[in-house]
There are 2 protein chains.
Amino acid sequence: MKEKQYTAEQELIAHFAKAMGHPARIAILDFLAKQDSCFFGEIHEELPIAKATVSQHLKELKEAGLIQGEIESPKVRYCINRQNWELARKLFAVFFDDCKCNDTSCCE
Amino acid sequence: MKEKQYTAEQELIAHFAKAMGHPARIAILDFLAKQDSCFFGEIHEELPIAKATVSQHLKELKEAGLIQGEIESPKVRYCINRQNWELARKLFAVFFDDCKCNDTSCCE
DNA sequence: TTTATTGTTCGCAAAATTACGAACAATATT
DNA sequence: AATATTGTTCGTAATTTTGCGAACAATAAA
């Protein structure tokens, strides 16, 4: 029937947005964004949730490409993935700027 | 135990992001953003999903404040909510721009 | 070698999301 | 009044998300 699917760009921005769709993950990104890098424990201290849950959120952010982590036994150092951060920044900027509402009248 | 919660701003951006966390909803926003307004039926035609599902996605976007709809019986006209669109645009811009990675070295 | 520290993974439960068809509501048309 | 059009809401099912404690793995320290 309906053949129309979503564009790769729509899928991508939705994927980034989904990863950012939880306050804990925004808090993690906020925290990581204001420093060069930090360990899991420091992130955990910032959040009101169990370490297992923090670990899960970090995993999702990593899978979305927004952060990266490397083992420095017995700790794990996390940081923003700069390349994808920049990609996401641009995607969201274009997404919001391309609204016709920004420069013309709109319903209302 | 842990008292620390999330800031209102973190909750807000997560809320917007969550609403944008599905390709169908991004497609809807893309479609609405490039025109002044349109009817439900036109949105439905753009998407590969049932009307009940489209209606649900529209409801979520409306509840997130990103769009608004008004009845023009028997049709329903939808459009971007300009005020919140601008708010979201700024929130995401600040969110991504405030990363230390943007102007200094980062882990890697 | 035993013990501590640091995180991840597992298993589970509760809740939310996604999707659909069917039923419904509200107006317009015949 | 009966019918058609346009969307929303309801009920349901399948899947995903969120969260936790317990168990585990890997290294470091005693």
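All chains are named by letter (A, B, ...) in the order of the sequence lines, taking the proteins before the strands, and each is independently numbered beginning at 1.
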With sequence neighbours excluded, what pairs up with A/D30 under the side-chain hydrogen bond (donor to acceptor under 3.5 Å, both in side chains) test?
B/Q10
Using side-chain contact (heavy atoms from CB on, under 4.5 Å) as the criterion, list what pairs up with B/V54, not counting sequence neighbours.
B/F40, B/I43, B/H44, B/L47, B/I49, B/L58
Sequence neighbours excluded, the answer for side-chain hydrogen bond (donor to acceptor under 3.5 Å, both in side chains) partners of B/H15 is none
Please encode protein proximity along nucleotides 6-24 of chain C as a string of B, S and -, counting only heavy-atom distances under 4.0 Å.
SBBB------SSSBBB---
Can you name the side-chain contact (heavy atoms from CB on, under 4.5 Å) partners of A/E9, sequence neighbours left out?
A/T7, A/L91
Please enumerate all protein N or O atoms sitting under 3.5 Å from an N or O of nucleotides 1-3 of chain C, with distances to 0.1 Å.
none

Please enumerate all residues that pass side-chain contact (heavy atoms from CB on, under 4.5 Å) together with B/K90, with sequence neighbours excluded.
B/E86
Test of understanding: with ring-ring contact (aromatic ring centres under 6.0 Å, His included), list the residues that count as partners of B/F16, not counting sequence neighbours.
none
Residues which pass side-chain contact (heavy atoms from CB on, under 4.5 Å) with B/E11, listed by chain and number, not counting sequence neighbours
A/P23, B/Y6
